[in-house]
Amino acid sequence: MATAPAFVPVQPRRTRDWAPAWRGFFGERLRNTIYGWPEPAFDVPIRTRKVLGFTIHIVTDPAALQRVMLDNKANYERPDIVRRILMPSLGNGLFSAEGEDWRKQRRIVAPTFAPGAVAAMAGLMDAAAQREIDGWPQQTTRLDFAVAATRTTMAIIADALFGGDSRLTHPAAARHIETMLAAAGQVRLTTMLGLQNIDPSLTMRRARASRAWLHATLAALVRERGAGGGADDFFGGLIRALNAQFPAEEAAALAVDNAITFYVAGHETTANALAWTAYCLAAQPELQEICRTEALATLALPASERAGAMPVLQQVFEESLRLYPPAPRWDREALAGDELAGVRITKGDIVSIWPWVIHRHRALWREPDRFDHTRFAPEAKAKLHRFQYLPFGGGPRVCVGMRFATVEALLILARWLAARRLVLPAGWQPDPAASVTLRQRVWMILREEML
Ligand code: HEM
């Protein structure tokens, strides 16, 4: 049987060498953080740059990454500058908190994301995926898959964590979140310059209004629930636990911060991952057929057992996360001196962790730009360094929703594949762009054909 030709999925333009750091604050590089990376970045274990007075080490060496995120984790916190950027949206919720505040909050939410608890939510995830498909036209059609994915993951997060509150699935909510993410590069720049109270562009003024909308919406939800938490769901449990462990005013503020954190972090990244996986499958019809056969065979199983019964689809999902990590970058700040990959780190230095670069690094992956899901077949996967593949981060601050996201994504993909064939419109390619998360500049447009 003839093998399918190698598929090298689309990526933004790279340059031959490093550009001056200031170029990152203008034009395409400001809007799109994965644009214009230099080829040498994909060869070296660490590279140090000075940006607006900050010393930033871009680390790609897995052993050094393990030191930052696990072995010497106490020395590396979310940078003060990042906390200042996040504070207006996420406050002191789980994503931005440090120290004892972080530990308490993590302990409160962890049980909701344990394997058994996620399995219990599989039914509602599958039902949301089916509802989305029921709304698709019967005939062959073009559909914006990024939008379809967002609609589905928003419905799931609302149903799973917030008692299905319809304010969280309103189309306006997706628009506000998109507006906030679009301004992320500019917000970063003004905050680094100490000008965070100034909105020099329309994009930033719109983003401020959207942040206010999001905050007001989730604050209303918290108020309506009261200190007793209302219903017996994640949100209610969170409110009750926060009130038991923090003074009332702080508990109320943390409830809003975490509601925003879980609402946004809980659907946006997964929607991203789904759209990119759909693109990778649409570009490889033979692989899509294999995954479809696998998906169809699981439909008779209870939803809670289905995700674990699609090994090839799982590998495809993992490989798509390697090539298109929905969280392409995050940072840490050194609290004291250290050494990483032979380079001296000084107190206050920023360590920049870029899955976008690590996942395509030539010292870590054979033919890194090529799609090859067999990298994640059990034997090959066992040989990977734990810190060379970081779609969900690593160490104690690993994504708390990792299992939730994986089960949800596999269930949704299974429904998509079972219902339709995914085909790329002739001559069309997506245009990957990243602000906080990895989105498509041109929405994913796929043609579907009824089976
Ligand atoms: C494919 C989907 C997802 C991806 C790729 C992803 C990625 C990540 C990454 C890389 C981090 C760590 C960032 C760092 O160390 O600075 C993180 C943290 C986090 N994620 Fe996710 N995530 C996904 C889905 C979810 C879901 C479904 C939820 C909730 C339902 C969630 C909630 C969170 C929270 C609350 C944190 C902060 C954890 C902490 O600091 O203790 N994520 N995520």
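In each ligand, atom 1 is the first atom listed, and ligand 1 is the first ligand listed. In this text, all values refer to a predicted model and were calculated from it rather than measured experimentally.
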task: Please state whether the rings of Phe371 and Phe7 are parallel, tilted or perpendicular, taking 30° and 60° as the class boundaries.
output: tilted
message: Heavy-atom pairs closer than 4.0 Å: do any link ligand 1 to the side chain of Arg106, the backbone, both, or neither?
response: side chain
message: When you measure from the side chain of Ser96 to the backbone of Leu86, do you find a donor-acceptor pair of N or O atoms at a distance under 3.5 Å?
response: no
- request: Using a 4.0 Å heavy-atom threshold (strictly under), name the region of Cys399 that reaches ligand 1: side chain, backbone, both or neither.
  value: both
- request: Please work out whether any backbone atom (N, CA, C, O) or any side-chain heavy atom from C-beta onward of Arg78 is under 4.0 Å from ligand 1, and answer side chain, backbone, both or neither.
  value: side chain
- prompt: If you draw the axis of the six-membered ring of Phe95, does the NZ or CZ of Arg78 fall within 45° of it and under 6.0 Å from the ring centre?
  reply: yes
task: Quick one: look at Val109 and ligand 1, take heavy-atom pairs under 4.0 Å, and tell me if it's side chain, backbone, both or neither.
output: neither
field: Option set Trp330, Trp276, Tyr324, Phe262, criterion heavy-atom distance to atom 10 (C) of ligand 1, minimum
entry: Trp330
- prompt: Considering only heavy atoms, does Arg332 approach ligand 1 within less than 4.0 Å through its side chain, its backbone, both, or neither?
  reply: side chain
statement: For Ala265, the ligand 1 atoms with a heavy-atom partner under 4.0 Å come out as 24 (C), 25 (C), 26 (C), 28 (C), 31 (C), 32 (C), 42 (N)
- prompt: Within less than 4.0 angstrom of ligand 1, does Ile353 place any heavy atom?
  reply: no
query: Should Gln314 and Glu318 be marked as a side chain to side chain donor-acceptor pair (under 3.5 Å) after you check the CA-CA gap, both sets of side-chain angles, and the distance that decides it?
result: CA-CA 6 Å; Gln314 164 110 32; Glu318 289 178 333; 3.2 Å; yes
